Enquirer: 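This structure is in structure tokens; I'll ask about it shortly.
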Protein chains: 2
Amino acid sequence: MLRLSKFADYGCQVMAYMARDKAVHSATEVAANLGMAAATVSKILKMLARENLVVSLLGAKGGYVLARHPLEISVAEIINAMDGPISITECSGTTSCERESFCSTRGNWQGINHIIQDALAKVTLAEMIAPKPQIVNMRAIRSRGVPA
Amino acid sequence: MLRLSKFADYGCQVMAYMARDKAVHSATEVAANLGMAAATVSKILKMLARENLVVSLLGAKGGYVLARHPLEISVAEIINAMDGPISITECSGTTSCERESFCSTRGNWQGINHIIQDALAKVTLAEMIAPKPQIVNMRAIRSRGVPA
DNA sequence: ACTAACTAGGACTAAAATAGTCCCAGTTCC
DNA sequence: GGAACTGGGACTATTTTAGTCCTAGTTAGT
């Protein structure tokens with residue numbers, strides 16, 4: 001139900017790849033290693049650069065490097081960079097919709113948004129690339145058991 | 001970033017409308033009251049009925065009623081009914097993708113999915129229609145302050 | 001100074017998902 | 001029997017998304 005665009009997914013993969021070392025990676029190189037089209041990876045890296053998640057180095061031998069340590073980059077940031085601001089519905093608060101009278105639900109959507117935002121903000125890139133999938137939220141596991 | 005389809009949004013509105021009383025509501029009536037196209041509302045109610053969130057009554061004077069008490073219907077269920085199963089990425093576990101070697105991130109997506117799923121499962125329809133927007137998650141507020 | 005290897009940015013196209021409409025068949029009430 | 005409904009699916013239009021390509025600008029090496 002909650003769709004994440006492919007870009008957001010790609011974005012995470014690219015970031016995860018780059019997080020493995022501090023070397024400069026060109027778009028072509030990343031593309032080759034991830035088995036993705038060069039043009040697509042290039043586009044994704046441009047987007048990530050614009051949002052300051054990666055730093056671009058111009059010129060020959062240029063490329064991209066993570067802007068921060070993987071521990072300091074959250075999944076929420078990556079998704080934000082690729083798909084725009086997190087919001088589960090269109091009426092995100094600023095614009096008032098005509099149906100507002102019926103839409104007492106709005107406050108709750110916003111609450112839900114916050115919850116999801118929080119959940120994603122807590123997962124760092126470092127956790128994403130952990131070889132053995134790390135458990136994201138210990139409380140959730142304690143109360144519900146380990147997800148299948 | 002997390003997009004909810006319009007259908008899911010509509011679905012919640014329709015459910016919220018129906019939750020106000022226990023009367024039988026026809027699709028046309030709901031449509032008129034919510035200011036939506038009759039055909040669209042009809043489609044939405046059919047979907048909700050197929051997922052047993054509303055009960056349909058055939059024939060003249062027929063229509064729809066909530067299948068359960070608003071307190072026992074979660075937002076997650078409504079969204080599920082409209083948009084299919086909750087899943088933030090495409091590789092939801094059963095199918096293995098070719099990129100699996102790079103995709104050590106998968107375990108974490110699943111964890112994130114669970115968190116979001118949980119968050120939505122905790123919000124009931126009754127809470128959604130509460131006149132004063134209820135706070136969904138007290139912990140979140142305590143730790144971060146009331147959302148703007 | 002020239003060339004090769006890069007990124008920046010945006011225009012553009014193709015493909016797929018979404019939203020929305022319509023139609024016909026079946027059910028029930030009066 | 002006719003009117004008022006839902007059930008189900010086919011269909012179309014629209015919007016999003018994904019993906020490609022082109023031109024300009026930057027840097028390293030020779």
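These numbers were taken from a predicted model, which means no experiment stands behind them. The sequence lines fix the lettering, A, B, ..., with proteins before strands; numbering per chain opens at 1.
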Enquirer: Could you state the CZ-C1' distance from B:R50 to D:dT6, rounded to the nearest angstrom?
Expert: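 After rounding, the gap between these two atoms is 12 Å.
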Enquirer: Are A:I73 and A:Y17 connected, step by step, through hydrophobic side chains (Ile, Leu, Val, Met, Phe, Trp, Tyr) whose heavy atoms are closer than 4.5 Å?
Expert: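 Shared cluster, yes.
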Enquirer: Specify the separation, in whole Å, of atom CE of B:M47 and atom C1' of D:dG8.
Expert: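 So the CE-C1' distance, B:M47 to D:dG8, works out to 12 Å.
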Enquirer: Closer than 4.0 Å, any side-chain N/O of B:T28 to the OP1 or OP2 of D:dA4?
Expert: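 So the side-chain polar atoms of B:T28 never come under 4.0 Å of the phosphate oxygens OP1 or OP2 of D:dA4.
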Enquirer: To the nearest Å, how far apart are B:M82 CE and C:dG20 C1'?
Expert: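 Result: 12 Å.
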Enquirer: According to side chain to side chain donor-acceptor pair (under 3.5 Å), does anything in residues 61-70 of chain A pair up with another residue at least two apart or in another chain? List the pairs.
Expert: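 Checked against side chain to side chain donor-acceptor pair (under 3.5 Å) - neighbours excluded - the pairs reaching residues 61-70 of chain A are A:R68-A:E77.
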Enquirer: Sequence neighbours excluded and cut-off under 3.5 Å, please list the side-chain donor-acceptor pairs for residues 41-55 of chain B, or say none.
Expert:
none

Enquirer: Just N and O in the side chain of A:S56: are any of them under 4.0 Å from OP1 or OP2 of C:dC6?
Expert: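 No, outside the criterion.
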Enquirer: Among all residues two or more places apart in sequence or in another chain, which pass the side-chain contact (heavy atoms from CB on, under 4.5 Å) test with A:A38?
Expert: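 Testing A:A38 for side-chain contact (heavy atoms from CB on, under 4.5 Å), a comparison that skips the adjacent residues, returns A:T28, A:A31.
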Enquirer: Return the value, rounded to whole Å, for the distance between atom CD of B:E51 and atom P of D:dG8.
Expert: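 In whole Å, D:dG8 P lies 11 Å from B:E51 CD.
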Enquirer: Scan nucleotides 18-30 of chain D nucleotide by nucleotide, 5' to 3', and note B when protein non-hydrogen atoms come under 4.0 Å of the base, S if they reach only the sugar-phosphate, - if neither.
Expert: SBB-----BBS--
Enquirer: Would you kindly give the CD-to-P distance between B:E29 and D:dC5, to the nearest whole Å?
Expert: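 Distance, rounded to whole Å: 9 Å.
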Enquirer: Using side-chain contact (heavy atoms from CB on, under 4.5 Å) as the criterion, list what pairs up with B:A126, not counting sequence neighbours.
Expert: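 If we apply the side-chain contact (heavy atoms from CB on, under 4.5 Å) test to B:A126, skipping adjacent residues, the hits are B:P70, B:L71, B:T124.
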Enquirer: Could you give all pairs that pass the salt bridge (charged side-chain N to carboxylate O under 4.0 Å, His left out) test and reach residues 28-40 of chain B, with sequence neighbours left out?
Expert: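 Listed once each, the pairs would be none.
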Enquirer: A:A49 has a side chain; which of C:dT7, D:dT6, C:dA8 sits nearest to it?
Expert: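 Nearest listed nucleotide: C:dA8.
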Enquirer: What is the distance, to the nearest angstrom, from the CG atom on B:L45 to the P atom on D:dA4?
Expert: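 B:L45 atom CG is separated from D:dA4 atom P by 19 Å.
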Enquirer: Can you measure B:H25 atom NE2 to D:dT6 atom C1' for me and round it to whole angstrom units?
Expert: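 It works out to 16 Å between those atoms.
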